[in-house]
Amino acid sequence: MRFANGPLAVVDVDADGRVLAYCTGGLVLDVPATSLSSLVEWTLNEARLGQPKLSGPGKDADPLLVLTETALERYGLPAMLTDEERLAGRIPENHKAVKQLARAEWRLTKRGLGPWARIYRPAQGAERACVQLCIPSWNALDTRNWGEAGHLPPADLARVLGVYASRVITPRGSTAVTGLELMTALHPPTRASAPDAAGKRHSERNPGSLGTDPVDPAPCEAPDGHPLLKDLPRFHVRGPGEKLFEEAYDWARPMTDAECTLRHLVGIDVNMAFAAGANGLTIGLGAPTRLENPTFDPKLPGSWLVDLSHVDLSKVKAGKEWVQLDGALLPSPFTPKGETPTGPAWYATPTVAYAVELGYEVRPVEAYVRYDNGRYLDSWYTRLRDAYLATMADLGVDADLSPADFLTAMDGCKERDPELAIVVSAIKATVKGGLGKLRERPRGEGWRPGEPWRALARPTWRPDIRAAVISRTRVNLHRKVIKHAAFTGQYPVAILSDCVVYAANGPSPLDFLPYREGKPLPGGFKLGVNPGLVKHEGTQSVLWGEEVRDRFNAPELNLARYIKDGTVTDADNGE
């Protein structure tokens, strides 16, 4: 069996000087290689490492070697990078290990020999000869996403990365890079055509994929500094009528007198909110088409210039019925800060569709739509959802628990198996990071405005897709807020991305969520582990919230940012 030993191995040197490869499932292999180039040869010819492709037209995943500090020393690599090397993201090309690889006719990609490196030889036909390296002591495993994984013993690290690889994909870089690579692995850009008259097959675009060629965004979708905007005046600031600004919520309001009489502030958090926002979403696959004075079509993905300032949140449709609400206590669903629009602005399709759903007419004056479209992210969502649910189930949190049992199971679940808790964190980071990569910006001290963006050469550089997912995620949350307000008369005090804070008499979500005989409000918030359902984020006292806001003289300080543990420092003043 070609990949009998799993997708990866952690290479370490034990106290007796033996080089060992710790694989998934507890398997340990002896490694005879005495140099980096021979280690690559051994991996490809004897180790039987790798992972089968996720899609018919795709490619098998290259084997991944994770090198510990002792392995780095054995193979002539530094245990740590210098400040200069860390800034460059690689060791110098004149390093003896890099030269040794070159003498053995191995090549490195443009990113060189860094925390995540690919060592390869040009493919011979369909056969690939490529090994990927992950070097934790060079900060390959970012602690924000992988916690303390980089400091785990070799066997434990092999378990963490192996679970992630088997349920998501073999890591190919940061969780953000891997999230983007997962999209491509599930929808490869090309496939083999049917045989022609001579019986030959050719490479053709794979239907439903983004293809191989990058496409320019619409001008309104281009982030500041994009080459499309090079003719704008140097210090010009684009307003909402020029720039699509679909972002997650960062909204808060002062508490009412009635809310101040309650005892608790309770935060609830939407599980895998952005993954849920991607599920079932139709997105553009190709370039945009500009339209003037179009009729809005909720089935067409794109960006629309439309005035939504007339939407009155005090009277909206909830299903077929009109409901009266206190609009002053609600954020606008059309802006990240919750402010009411003041005139025409650019919005992604889900945002405009939500205005129609609320019962209001929309009349776009301009649009950029994509007639070539599809549900590109569905399989990506399904893969990540299944990975998340399987790992949470391993932590004792099942999808069929009652609301009370779910809250109990979630309490302390990460302590039951800290290694699997790392996997959960990495899966979540893969969702957010992968979507963020769709609008990757130039970064690093070496980049200057006007220089090329390497990311623009990718067909997966698609800010419109990111905007559509965020738009849908935000309106999904607002829809639940509306349902909850209409049924209970309760309004959120603060919202930050996927966390919503309510004032309540008790410390539990069950003290304000309207469950009846274990059944939630239809269309409202529901406790559970599935993406789109909510969990308890944290509880603080109302007095805590008022004291924090008084301390910073900020009546609209976003308490959702601190609800988890209540820690607020002076550095947060002015948030």
Side-chain angles (χ1 to χ4, degrees), residues 142 144-145 172-184 187 189 209-211 213-230 232 237-240 242-250 273-278 281-288 301-305 334-337 345-351 367-370 373 376-377 380-381 384 428-444 447 449-475 497-498:
D142 192 324
R144 292 171 296 181
N145 305 324
R172 303 184 183 184
S174 67
T175 49
V177 168
T178 303
L180 202 64
E181 291 279 353
L182 178 62
M183 295 180 197
T184 303
H187 286 285
S209 76
L210 298 181
D213 298 322
V215 297
D216 280 337
C220 63
E221 297 163 351
D224 293 337
H226 190 280
L228 278 177
L229 310 174
K230 64 181 184 302
L232 288 178
V237 177
R238 293 186 295 162
E242 301 170 277
K243 178 181 178 180
L244 179 70
F245 192 65
E246 294 283 11
E247 298 294 342
Y249 268 129
D250 185 354
F274 295 99
L281 178 65
T282 301
I283 59 99
L285 301 176
S303 301
W304 308 78
L305 181 60
F334 310 128
T335 61
K337 290 291 185 181
W346 285 99
Y347 303 100
T349 297
T351 301
Y368 287 91
V369 299
R370 290 170 171 84
N373 56 61
Y376 174 75
L377 295 173
W380 184 79
Y381 161 78
L384 290 162
K428 291 180 179 179
T430 303
V431 173
K432 289 189 176 182
L435 293 172
K437 273 280 185 182
L438 292 169
R439 199 193 68 166
E440 183 179 11
R441 302 291 304 276
R443 61 184 183 274
W447 184 83
E451 294 179 354
W453 298 12
R454 286 195 298 270
L456 300 187
R458 297 194 322 248
T460 50
W461 192 85
R462 291 292 302 273
D464 58 295
I465 298 177
R466 174 188 177 273
V469 174
I470 292 176
S471 162
R472 191 162 185 250
T473 302
R474 195 181 64 247
V475 300
S497 188
D498 46 11

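Residues: numbered from 1 along the sequence shown.
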**Student:** What's the separation between atom CG in Leu229 and atom CD in Glu242, rounded to the nearest 0.5 Å?
**Tutor:** 9.5 Å

**Student:** For residues Trp346 and Ser303, determine if any side-chain heavy atom of one lies less than 4.5 Å from a side-chain heavy atom of the other.
**Tutor:**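 The answer is yes; the side chains approach within 4.5 Å.
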
**Student:** Identify, with sequence neighbours excluded, every residue that meets salt bridge (Lys or Arg N to Asp or Glu O under 4.0 Å) alongside Arg458.
**Tutor:**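 Applying salt bridge (Lys or Arg N to Asp or Glu O under 4.0 Å) to Arg458 gives Glu440.
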
**Student:** Nearest 0.5 Å, what's the OH-CG distance between Tyr381 and Leu281?
**Tutor:** 13.0 Å

**Student:** Taking the inter-plane angle between the rings of His226 and Trp453 on a 0 to 90° scale, is it parallel (under 30°), tilted (30 to 60°) or perpendicular (over 60°)?
**Tutor:** perpendicular

**Student:** Does a side-chain heavy-atom distance below 4.5 Å link Pro227 with Leu456?
**Tutor:**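 Contact flag for Pro227/Leu456 side chains = yes.
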
**Student:** Nearest 0.5 angstrom please: Trp461 CH2 to Leu180 CG, how far?
**Tutor:** 12.5 Å

**Student:** Would you indicate whether the side-chain heavy atoms of Pro217 and Leu228 approach each other to under 4.5 Å?
**Tutor:**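 Leu228 vs Pro217: side chains touch.
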
**Student:** Which distance, rounded to the nearest 0.5 Å, do you find between the CG of Asn145 and the OG of Ser174?
**Tutor:** 7.5 Å

**Student:** Would Thr473 and Asp498 count as a side chain to side chain contact (heavy atoms under 4.5 Å, CB included) here? Give the steps.
**Tutor:** CA-CA 8 Å; Thr473 302; Asp498 46 11; 5.8 Å; no

**Student:** Check the side chains of Thr351 and Ser471 for a donor-acceptor pair under 3.5 angstrom, ignoring hydrogens and angles.
**Tutor:** yes

**Student:** With Asp224, which of Lys230, Arg439, Arg441, Arg238 fulfils salt bridge (charged side-chain N to carboxylate O under 4.0 Å, His left out)?
**Tutor:**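 Single salt bridge (charged side-chain N to carboxylate O under 4.0 Å, His left out) partner of Asp224 among Lys230, Arg439, Arg441, Arg238: Arg238.
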
**Student:** Applying the side chain to side chain contact (heavy atoms under 4.5 Å, CB included) criterion to Pro189, which one of Leu210, Thr460, Thr184 satisfies it?
**Tutor:** Thr184

**Student:** With side chains defined as the heavy atoms from C-beta onward, is the minimum distance between Arg466 and Glu247 less than 4.5 Å?
**Tutor:**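 Answer yes - side chains close enough.
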
**Student:** Keeping the roles fixed (side chain from Trp380, backbone from His187), state whether a donor-acceptor pair exists under 3.5 Å.
**Tutor:**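 Absent.
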
**Student:** Quick check: does any side chain N or O of Ser497 sit under 3.5 Å from a backbone N or O of Tyr249, one acting as donor and the other as acceptor?
**Tutor:**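 Answer holds: no.
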
**Student:** Please round to the nearest 0.5 Å and tell me the distance separating atom CD1 of Ile465 and atom OH of Tyr376.
**Tutor:** 6.5 Å

**Student:** Pairs in or reaching into residues 213-222: which pass salt bridge (charged side-chain N to carboxylate O under 4.0 Å, His left out), with residues at least two apart or in two chains?
**Tutor:** Glu221-Arg370

**Student:** Do you know which two heavy atoms are closest between Phe274 and Ala248, and how far apart they sit?
**Tutor:**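 Residues Phe274 and Ala248, closest heavy atoms: CZ-CB, 4.0 Å.
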
**Student:** With rounding to the nearest 0.5 Å, note down the distance linking CG in Leu435 to CZ in Arg462.
**Tutor:** 13.5 Å

**Student:** Can you find a side-chain donor-acceptor pair between Asn373 and Thr282 that sits under 3.5 Å?
**Tutor:** no

**Student:** Provide the closest heavy-atom pair for Ala468 versus Ala348 in the form atom of the first, atom of the second, distance.
**Tutor:** CA-CB, 4.1 Å

